[in-house]
Amino acid sequence: MSQSNPVPGNGDDASRGFWSSRLAFILAATGSAVGLGNIWKFPYVTGENGGGAFVIVYLICIAVIGVPIMMAEVFLGRNGRHNPITSMRLVAERNLKSPAWRVSAVVGMLAAFIILSFYSVIGGWSASYVEHALVGDFAGGTADSINAIFSDLLASPIQLLIWHTVFMALVVLVVSRGLKGGLERVATILMPTLLVLLLVAVGYAMTTGHFGEAVSFLFKPDFSALTFNAVLIALGHAFFTLSLGMAVMMAYGSYLRRDISIGRTAISVAFMDTAVALLAGLAIFPVVFSFGLEASAGPGLIFQTLPLAFGNIPMGWLFGTLFFILLLFAAWTSAISLLEPVVEWVEEKTSLARAGSTIVVGVLCWALGIASILSLNVWSDVTPLGMFERFEGKTIFDLLDFFTANVMLPLSGLLTALFVGWAVAKESLKLDLALDGTAFTLWYNAIRYVTPVAVLVVFAYNLLA
Ligand code: PFF
């Protein structure tokens with residue numbers, strides 16, 4: 001195991017390092033949770049699913065399923081104090097249970113690796129949009145000219161590759177510098193900056209004259225617009241937005257000191273993540289409404305709809321640039337967290353040090369990303385599972401997205417919940433979570449019953465429907 005970041009006099013295998021404080025962990029875990037999911041996906045899925053009622057279901061999923069699983073993952077990481085796979089094995093052995101439970105971490109880490117390969121491609125879009133906004137490419141744009149910017153980007157493997165490479169290099173740079181000099185340093189600078197940028201964006205949105213409309217869109221529930229499918233989407237998104245089922249919170253938990261309450265910490269992270277998603281909605285929808293654009297524009301909402309607005313408002317280049325920097329920062333801190341579990345594992349299992357492990361994993365992941373890039377253009381007709389009706393027309397990119405989101409994440413989340421809820425001794429959970437009596441009972445029932453049942457329902461529906 002490498003000896004980076006020694007923390008002298010710390011008892012408990014100090015050589016692998018600890019977060020400097022509870023706040024450092026909260027910022028880093030929030031950095032992981034707050035990402036494209038909050039700023040890109042949450043507003044558009046809310047838009048597509050009718051607004052307020054969807055938001056309520058999403059909030060319930062975060063509280064009842066997301067937070068309990070996050071606590072379980074952080075617990076496993078901290079209790080094992082190794083990479084997620086080894087941590088799960090150690091916790092299983094300590095509880096006299098089969099080491100095979102660690103398959104949950106294996107699936108999660110594989111998912112993290114695959115997701116990072118295409119998350120980086122989309123992170124690259126954000127980086128490219130910072131440039132477009134800065135040089136004034138949106139200025140005076142029409143729907144056609146703005147759409148052309150997006151479709152030109154997707155049609156060009158070279159442009160996509162350049163930005164994917166830039167983005168992945170940024171991620172590798174941070175992770176290679178280790179816990180304190182890399183992950184923690186970047187989170188403590190970027191997260192407060194991101195919050196300020198977001199508040200500026202909301203402040204601007206308040207001047208558009210359409211803020212009230214956005215507030216009622218997000219918070220006034222119309223349950224007649226809610227479908228069963230929307231409930232499933234809300235649950236899936238709660239998982240994704242809190243970075244669950246990918247071994248990430250286990251990896252981050254492995255650097256958390258024993259005297260910090262996992263319960264309260266996880267709640268803070270979930271609260272911050274939710275606040276950012278809602279603020280992003282409050283920043284985006286007033287602008288969308290003030291131009292009479294569609295809230296239900298789908299994935300193009302921030303890459304096509306918003307730039308149109310930025311191109312036609314005073315100082316739009318400035319707000320546009322700030323907005324896409326915000327998106328880039330959010331994507332960056334999330335991507336860092338996707339790389340960390342696999343790097344931690346390689347570092348502990350091989351003779352490679354931190355920098356070497358990061359470069360090896362980063363390059364492999366970058367190479368896999370090329371398949372997603374080509375799926376958007378040259379290989380757009382390549383549909384490897386096209387012979388099955390269900391996967392007709394799905395490109396490699398679509399398939400990677402489908403299998404990670406619909407199979408691997410729920411599977412990993414389900415196994416984690418079952419393991420922690422049914423195989424780990426209650427006393428050790430009580431001690432580590434440090435929740436008071438009622439809160440612990442609520443959590444324990446959630447992780448034993450509610451979470452597995454909810455995840456199973458979604459899992460079955462997504463696979464069979
Ligand atoms: N939570 C991130 C987002 O909302 O964009 C995405 C993500 C990051 C998922 C890290 C999973 C993960 F491990």
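For clarity, every value in this text was computed on a predicted model and none was experimentally measured. Index from 1, following the sequence. Atoms within a ligand are numbered from 1 in the order they appear, just like the ligands themselves.
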Side chain S412, main chain S104, donor-acceptor under 3.5 Å: yes
Ring geometry between F303 and W125 (parallel below 30°, tilted from 30 to 60°, perpendicular above 60°): perpendicular
Measure the shortest side-chain to side-chain distance between L327 and F324 over non-hydrogen atoms and say whether it is less than 4.5 angstrom. yes
What short N/O contacts, under 3.5 Å, does ligand 1 make with the protein, listed by atom pair and distance?
{"from": "ligand 1", "atom 1": "1 (N)", "to": "S32", "atom 2": "O", "distance (Å)": "3.2"}
{"from": "ligand 1", "atom 1": "1 (N)", "to": "A33", "atom 2": "O", "distance (Å)": "2.9"}
{"from": "ligand 1", "atom 1": "1 (N)", "to": "F240", "atom 2": "O", "distance (Å)": "2.9"}
{"from": "ligand 1", "atom 1": "1 (N)", "to": "T241", "atom 2": "O", "distance (Å)": "3.1"}
{"from": "ligand 1", "atom 1": "1 (N)", "to": "S243", "atom 2": "OG", "distance (Å)": "3.1"}
{"from": "ligand 1", "atom 1": "4 (O)", "to": "A33", "atom 2": "O", "distance (Å)": "3.0"}
{"from": "ligand 1", "atom 1": "4 (O)", "to": "G37", "atom 2": "N", "distance (Å)": "3.4"}
{"from": "ligand 1", "atom 1": "4 (O)", "to": "N38", "atom 2": "OD1", "distance (Å)": "3.3"}
{"from": "ligand 1", "atom 1": "5 (O)", "to": "L36", "atom 2": "N", "distance (Å)": "3.0"}
{"from": "ligand 1", "atom 1": "5 (O)", "to": "G37", "atom 2": "N", "distance (Å)": "2.7"}
{"from": "ligand 1", "atom 1": "5 (O)", "to": "Y119", "atom 2": "OH", "distance (Å)": "2.7"}

For residues 22-37, which residue pairs pass the side chain to side chain donor-acceptor pair (under 3.5 Å) check, not counting sequence neighbours? R22-T265, R22-S268, S32-S243, S32-S337
Indicate yes or no: does E340 engage R354 in a salt bridge with an N to O separation below 4.0 Å. yes
Expected output: side-chain S120 to main-chain L116 donor-acceptor under 3.5 Å: no
